[in-house]
Amino acid sequence: VLLSGLAGAGLAATAAIATAASGGPASAVPAVPPGTRATGPDAVARPFRGPHQAGILEAPAAYATFVALDLVDGADSDVVRRLLTVWTDDIERLMAGRGTLTDQEPELASVTAELTVTVGVGRRVVEIVGAPVPAWLAPLPAFSIDRLHPRWSGGDLLLQICATSPTTVAHAQRRLLSGAGGLASVRWVQRGFREPHEGPGVPMRNLFGQVDGTVQPDVAGLDADLLWSADAGPAWLRGGSSVVVRRIEMDLDGWDRVDRLSRENAIGRRLATGAPVTGGGLHTAPDLEAVDGLGFHVIDDAAHIRRAHASAPHERFLRRPYSYDDAPDAGSTSSSGLVFVTYQADPVRQFVPVQARLAELDLLNLWTTPVGSAVFAVLPGAREGEVLGQALFT
Ligand code: HEM
């Protein structure tokens, strides 16, 4: 199966796969069997094969790089197939702690650090292969708050690379981009980090100091339908999903000038604990109806959690954001924000109504600006013997 897409491939990587598969000389580097620990405390290997891709349901690892690529001009179905064939082999090896077939630094692959690589495809890829295109696979509608830059928007393909080691992420990125040589080139790269700042089980803190990621649908259980493509959708997407990647600048200087109470009111939650301003603990439901002595809502009418809260059950999605903190431009003190990442079965139905409501009114808009936006279909997982995206070609 692996070889079926290789005809005519002139790439070192594809040639190497062919050599290995035909019984030729394999990599001289000792392999770490899949699913075993390599060296070091953070060397857990995540499984690659299954009905869904890795990197969605797992607790997000601390470091991530998001890479959007564009297919080469004139790319045809064969180019797409070759790329997905190479990436399938590369990702399976890297997640298991083995170098790729053309790896010059396979030692860097030996610490798997919970590596996951998740592959998404944009509209152009689906059109090129002639598969049915879901209506939602397109740029999001323009929102009034958007200041989008092409540098952070769009793309034919997405790689989400997550691990607990930035070295592991960098190495995987390097190997996967090298494997894409001649087939696709980088459009943008966004790096992020996140930590359960107060320890395991507690969501991350973003660079505003807020506990971020508290309210999530139960996508591993009762709300799985919110995450995975519906049976009524295209057959090639069964077991797949969609991902929205929005780059949102956060004005840390402006935020610093606001008193603590106003900052808490902007979100509707306490900074110290992440608990709603209406009381209780981190996981207490906010009381959106509570009023103060003057009859005003305790959770401000423009507070982020009021505006973002689902007004219907389908307006929910899995948030998987990462902070970024780039080198500031000369004269400024920060270039920071969120790589705001969400997974959902249908972004137009689930994500867009919430984003539209926030664009209309949200106190957070005083300090946040979306500067990038992209939507991809997330391929189903590759089962044993399959190549990622195989069903696109049937
Ligand atoms: C909740 C921060 C952008 C959707 C929250 C919370 C924080 C937060 C601190 C409360 C804790 C939690 O439940 O996670 C931010 C920051 C943003 C941002 C700093 C931008 C830089 C967005 C965007 C969307 C969104 C663009 C969707 C379009 C939500 C949702 C909730 C939430 C759905 C849960 C609301 C509920 O309580 O039901 N956000 N957010 N956020 N945010 Fe955001």
Side-chain angles (χ1 to χ4, degrees), residues 60 140-141 143-148 152 190 192 194 196-197 202-219 223 226 242-252 254-255 258 263-278 280-288 299-300 302-325 334-344 347-375:
L140 296 181
F143 301 101
S144 57
I145 52 171
D146 287 356
R147 301 289 177 269
L148 301 188
W152 304 119
Q190 304 192 45
R194 55 176 292 149
H197 206 256
V202 180
M204 75 161 187
R205 280 193 190 265
N206 62 37
L207 294 175
F208 280 164
Q210 302 158 333
V211 178
D212 193 341
T214 307
V215 174
Q216 298 272 27
D218 174 20
V219 287
D223 299 322
L226 292 173
S242 79
V243 62
V244 172
V245 183
R246 307 256 298 164
R247 187 176 182 85
I248 307 180
E249 275 179 7
M250 290 164 42
D251 172 10
L252 300 192
W255 185 251
V258 183
R263 287 193 249 163
E264 293 185 332
N265 284 335
I267 201 87
R269 288 181 175 270
R270 299 284 173 218
L271 282 162
T273 59
V277 293
T278 44
L282 179 62
H283 293 292
T284 306
D287 183 352
L288 294 171
I299 296 178
D300 196 286
H304 182 67
I305 60 165
R306 177 185 293 284
R307 301 293 297 167
H309 188 66
S311 67
H314 67 267
E315 284 184 3
R316 293 178 301 151
F317 36 83
L318 176 66
R319 287 177 290 142
R320 226 174 173 279
Y322 281 80
S323 294
Y324 71 83
D325 187 38
S334 68
S335 172
S336 310
L338 280 184
V339 186
F340 185 79
V341 179
T342 69
Y343 283 86
Q344 56 278 300
V348 167
R349 182 171 143 81
Q350 297 168 240
F351 179 90
V352 169
V354 179
Q355 180 62 90
R357 207 158 49 231
L358 294 177
E360 195 183 281
L361 180 68
D362 174 10
L363 281 168
L364 265 195
N365 292 342
L366 292 170
W367 307 278
T368 60
T369 311
V371 294
S373 185
V375 179

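Whatever order the structure lists them in is the order used to number ligands and atoms, beginning at 1. Only this structure's heavy atoms are used, side chains among them; waters, hydrogens and symmetry mates stay out.
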Side chain, backbone, both or neither: the part of Met250 lying under 4.0 Å from ligand 1 by heavy atom: side chain
Considering heavy atoms of the protein only, find what lies nearest to atom 16 (C) of ligand 1 and give residue, atom and distance to 0.1 Å. Leu364 CD1, 3.5 Å
Which atom names give the shortest non-hydrogen contact between Arg306 and Asp300, and what distance separates them? NE-O, 3.1 Å
Which residue and heavy atom of the protein sit nearest atom 26 (C) of ligand 1, plus the separation: Gln355 OE1, 3.4 Å
If we number the atoms of ligand 1 from 1 as shown, the ones under 4.0 Å from a heavy atom of Gly213 are 12 (C), 14 (O)
Distance from atom 37 (O) of ligand 1 to nearest protein heavy atom, with residue and atom: Val215 CG2, 3.6 Å
Closest protein heavy atom to atom 33 (C) of ligand 1, given as residue, atom name and distance to 0.1 Å: Ala308 O, 3.5 Å
How close do Val339 and Arg247 get, heavy atom to heavy atom, and via which atoms? CG2-NH1, 4.4 Å
Quick one: look up the protein heavy atom nearest atom 24 (C) of ligand 1 and list residue, atom name and how far away it is. Phe340 CZ, 3.2 Å
Residue Leu358 vicinity, atoms of ligand 1 by number, heavy atom under 4.0 Å: 23 (C), 24 (C), 25 (C), 27 (C), 28 (C)
Counting heavy atoms under 4.0 Å, the part of His309 that contacts ligand 1 is both
Where ligand 1 meets Gln210 - atom numbers and elements under 4.0 angstrom, heavy-atom basis: 2 (C), 9 (C), 19 (C)
Taking all non-hydrogen atoms of both residues, which atom of Pro276 and which atom of Ala285 are closest, and how far apart? CG-C, 4.2 Å
Side chains of Asn206 and Ser323: is there a donor and an acceptor less than 3.5 Å apart? no
Taking every non-hydrogen atom, the tightest pair across Asp212 and Arg319: OD1-NH1, 3.5 Å
For Trp255 and Phe208, take the angle between the two ring planes, folded into 0 to 90°, and tell me which bin it lands in: parallel under 30, tilted 30 to 60, perpendicular over 60. parallel
If only side-chain N and O atoms count, and only distance matters, is there a donor-acceptor pair under 3.5 Å linking Thr214 with Arg269? no
Does the side chain of Arg320 come within less than 4.5 Å of Tyr322's, by heavy atoms? yes
Please could you name the atoms of ligand 1 that Arg269 approaches to less than 4.0 Å, counting only its heavy atoms? 10 (C), 11 (C)
Thinking salt bridges, do Arg357 and Glu315 make one under a 4.0 Å N-O criterion? yes
Option nearest atom 41 (N) of ligand 1 (shortest heavy-atom distance, choices Met204, His283, His304): His304
Part of Asp212 within contact of ligand 1 (heavy atoms, under 4.0 Å): both
Who's the nearest protein heavy-atom neighbour of atom 7 (C) of ligand 1, and how far? Ile267 CD1, 3.5 Å
Could you tell me whether Gln216 approaches ligand 1 through its side chain, its backbone, both or neither, with non-hydrogen atoms closer than 4.0 Å? neither
Output yes when the distance from some N or O of ligand 1 to some N or O of Thr214 is under 3.5 Å, and no in every other case. yes
Checking ring pair (Phe, Tyr, Trp, His ring centres under 6.0 Å) against Phe317, which of Tyr343, Phe351, Phe340 comes through? Phe351
With a cutoff of 4.0 Å, is Val211 in contact with ligand 1, counting heavy atoms of the residue only? yes
Going by atom types alone, do Arg246 and Ser373 pair a side-chain donor with an acceptor below 3.5 Å? yes
When only distance counts, is Arg319 in polar contact with ligand 1, meaning an N/O pair under 3.5 Å? yes
